[in-house]
2 protein chains.
Amino acid sequence: MINFALPKTFFNMSKCDQCIVREFSSLKALNKDELLKLSDCKTSHTIKKGEVIFEEGENINGIYCVKDGICKLTKLSPNGKDHIVKLIKKGELLGQRSMISDEPVNLSAVALEDMEVCFIPKSEVMGFFDKNNQFSMNVMKTICSDLKDSDDHMVSMAQKSVKERLAETLIYLEETFGKNVDGSLVIQLSREELSGMIGTATESCIRLLSDFNKLGLIELSGKKIVLKDINKLKKIAE
Amino acid sequence: MINFALPKTFFNMSKCDQCIVREFSSLKALNKDELLKLSDCKTSHTIKKGEVIFEEGENINGIYCVKDGICKLTKLSPNGKDHIVKLIKKGELLGQRSMISDEPVNLSAVALEDMEVCFIPKSEVMGFFDKNNQFSMNVMKTICSDLKDSDDHMVSMAQKSVKERLAETLIYLEETFGKNVDGSLVIQLSREELSGMIGTATESCIRLLSDFNKLGLIELSGKKIVLKDINKLKKIAE
DNA sequence: CTAAAAATATGATAATTATCATATAAATGA
DNA sequence: TCATTTATATGATAATTATCATATTTTTAG
C-alpha cells in the first residue's frame with residue numbers, strides 16, 4: 001500500500017468503500033450504504049512497532065480492522081512467558097471473539113511492524129450482524145476457522161517435540177508471510193518471539209536454529225532466516 | 001436420567017420439546033414450532049462405550065445433540081497418538097464448527113460411556129440459523145467459548161510442564177464432571193486417555209500419578225482417583 | 001561515533017520426559 | 001472358572017529440554 005504520509009485527519013476521512021483490505025475480511029459482505037455508515041463511525045490509528053493495540057483482560061468494545069502491518073496475539077503464561085497464539089496480517093479483524101462473547105479480550109495484540117488499523121465500535125458491528133446475514137456468516141466462518149487452527153495447534157504443542165514445532169513454524173512463516181527477493185522470511189521475529197511461538201526456552205530455540213543451519217536446512221545471517229530445504233523441514237515437522 | 005430401556009422406535013418418537021437437555025445448548029432458543037419440526041427430522045442413536053460417533057475427515061452433514069453420556073473429541077497426531085482435545089457431556093452439541101465451515105470434521109468423537117445422541121440434519125439447522133437470530137447467536141457464542149478454551153489450552157500445552165498439566169487436568173475433571181459420594185472423580189479415563197489429554201507418554205503420566213499419590217495430593221485405588229488436596233494441586237497447576 | 005544495553009550464540013550441567021524392559025494387577029472371553 | 005489379553009506400575013536408561021554462565025554480536029541512545 002502506498003502511503004504518502006498524509007496528515008492523520010485526512011487518513012481518518014478515508015472511505016471504507018475505497019479500502020482494499022476490506023475485501024479480505026468479513027467486511028466484504030457490506031453494501032455501499034453500510035460502508036458509508038462504517039466510514040463515519042470508524043476511527044483510524046497508527047501503531048508503531050512494539051506498541052500494544054490492546055491487552056489481555058481489556059474491554060475493547062469493538063473490533064479492529066488491520067489496514068497494514070502485522071501484529072502478534074499473545075497470552076501471558078503463569079511462567080512469565082508470553083506465548084504467541086497467532087499472527088495477524090493486513091485484511092484481518094481483531095477482537096471478534098471478545099465482541100461476540102461480550103467478554104474482555106483474552107489475548108494481547110502487539111504490533112510487530114508499524115501498523116495502520118481502524119477501530120469499529122461494537123454497536124456498529126452488531127448492527128451489521130442483525131441486518132446482514134452474509135456478514136454474520138462470514139464472521140462465524142472466520143471464528144470457526146480460528147477454532148480449527150487452534151485445535152490443530154494445540155495438538156502440535158502437546159504431541160510434537162520442540163524440533164518438530166520449530167520446523168513447522170518456520171514453514172508456516174514462509175507460507176503465510178512469504179519471502180524476500182533474497183529468499184529470507186519476510187516476517188522477522190526475534191529469537192525470543194520465535195521461542196514464544198513454539199513454546200520453548202529462547203536458548204533451546206537458538207540452539208536448534210544453529211543445528212538446522214549446520215545441517216543446511218536453513219541459513220542464518222543476522223536476523224534473516226532463509227529456508228534452504230523445505231522438504232527436509234517438512235519431514236522433520238511430520 | 002432414567003432409561004426404562006424402551007424399544008428404539010419409541011425412543012425415536014420422543015419429542016424435542018420434552019427433552020430436558022435441550023435447555024443446556026443453543027437449541028434452547030427454538031420455539032414450539034421449531035421444536036416440532038426438529039422432532040420430525042432428528043434421528044436418535046444409542047452409542048455403546050468405545051464406539052465412534054464420527055471420525056476425523058468424515059463429512060457428517062449435520063450436528064449431534066448429546067442426550068446422555070460423555071464422549072471425547074480426539075485428533076490423531078503424526079506420532080500415532082490420539083490427543084484428546086475436548087470432552088463433551090450431555091446437553092452439548094457436536095459438529096457445529098464443521099457444519100458452519102462446510103468442511104469435514106477435524107476431530108473424532110468416541111463415547112467414553114454409553115450414550116444417547118440425536119442427529120439433526122444440516123438442512124434443518126441451517127434453516128434455524130436463517131430464521132432464528134437468537135439460535136445463531138447462541139451457536140456463535142458457543143464456538144467463541146470453544147475458541148477461547150482452545151487458545152488457553154494451547155498455551156498450557158506449550159508453556160507448562162507435564163506435572164503442571166496433569167494437576168490442571170485433574171482439577172478440570174473434578175470441576176467439570178464432579179465426584180462420586182466416595183470423593184472419586186465421576187469421569188474415569190484410562191491412564192492412556194489421561195496421557196492423551198495432557199500430551200505425554202503413558203508411563204510418564206502413571207509415574208506422576210504415583211508421585212501425587214505418595215505426596216498425598218491424590219489417592220489411587222484401582223481406576224478411581226480421589227483429589228485429596230485441591231489447593232496444592234492448584235498451586236502445582238499455577 | 002561510542003558506550004551501554006539488548007539480542008544472539010554456545011558451553012556446561014541439571015531437570016524433565018520418553019523409551020524400553022519387565023512385573024503385577026485387572027479385565028475379558030471361551 | 002481359568003487362560004489370555006490388556007492395563008497399570010516401576011526400574012533403568014537415553015533423549016530432550018531448561019537453566020545458568022559467559023562470550024560475542026547487534027542495536028540503541030546519548
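Here is how names work: the chains are called A, B, and so on, in the same order as the sequence lines, proteins then strands, and each is numbered from 1.
Counting distance only, with no hydrogens placed and no angle test, the side-chain atoms of Arg207(B) and the base atoms of dT19(C) include a donor-acceptor pair under 3.5 Å. Side-chain atoms of Arg165(A) stay outside donor-acceptor range of the base of dT17(D), with no qualifying N/O pair under 3.5 Å.
Of the candidate nucleotides dA9(C), dT10(D), dT17(D), dT17(D) has the atom nearest to the side chain of Val162(A). Set against dT8(C), dA9(D), dT17(D), the side chain of Leu220(B) has dA9(D) as its closest nucleotide. Checking dT17(D), dT8(D), dA21(C) against the side-chain heavy atoms of Glu203(B) singles out dA21(C) as nearest. Of the candidate nucleotides dA18(C), dA18(D), dT10(C), dA18(C) has the atom lying nearest to any side-chain atom of Ala201(B).
At a threshold of 4.0 Å, the pair Lys163(B)-Glu168(B) does not count as salt-bridged, since none of the basic side-chain nitrogens sits closer than that to a carboxylate oxygen. With respect to the salt-bridge test (charged N to carboxylate O, under 4.0 angstrom), the residues Lys160(A) and Glu238(A) do not qualify.
Taking atom CG on Asn79(B) and atom C1' on dA18(C), their separation rounds to 12 Å, with Å as the unit. Per the geometry, CD1 belonging to Ile206(B) stands 9 Å off P belonging to dT10(D), to the nearest Å. Summarising the geometry, the separation between CD1 on Ile218(B) and C1' on dT8(D) is reported as 13 Å, rounded to the nearest angstrom. Summarising the geometry, the separation between NZ on Lys214(B) and C1' on dG11(D) is reported as 11 Å, rounded to the nearest angstrom. Distance Leu208(B) CG to dA9(D) P: 12 Å, rounded to the nearest Å. Rounded to whole Å, the distance from CZ on Phe212(A) to P on dT10(C) is 15 Å. Atom CD of Glu193(A) is separated from atom P of dA6(C) by 16 Å (rounded to the nearest Å). Across the protein-nucleic acid pair, Glu192(A) atom CD and dT26(D) atom C1' stand 15 Å apart, rounded to whole Å.
Going from atom CG of Leu194(B) over to atom CD1 of Ile84(B) covers 8.0 Å, rounded to the nearest 0.5 Å.
Not a single donor-acceptor pair under 3.5 Å links the side chain of Glu175(A) to the backbone N or O of Tyr172(A). Side-chain atoms of Asp114(A) come within 3.5 Å of backbone atoms of Lys49(A) as a donor-acceptor pair (strictly under, hydrogens ignored).
Proximity of Ser204(B) to the phosphate of dA18(C): a side-chain N or O atom is located under 4.0 Å from OP1 or OP2. Considering only side-chain N and O atoms, Lys223(B) lies nowhere under 4.0 angstrom from the phosphate OP1 or OP2 of dA26(C).
With the nearest nucleotide of DNA chain C identified for both Ala158(A) and Ser210(A), Ser210(A) has the one nearer the 5' end. Remark on DNA chain D: of its neighbouring residues Lys81(A) and Thr202(B), the 5'-side contact belongs to Thr202(B), judged by nearest-heavy-atom nucleotide. Of the two residues near DNA chain D, Gly222(A) and Ser161(A), the one whose nearest nucleotide lies more 5' is Ser161(A).
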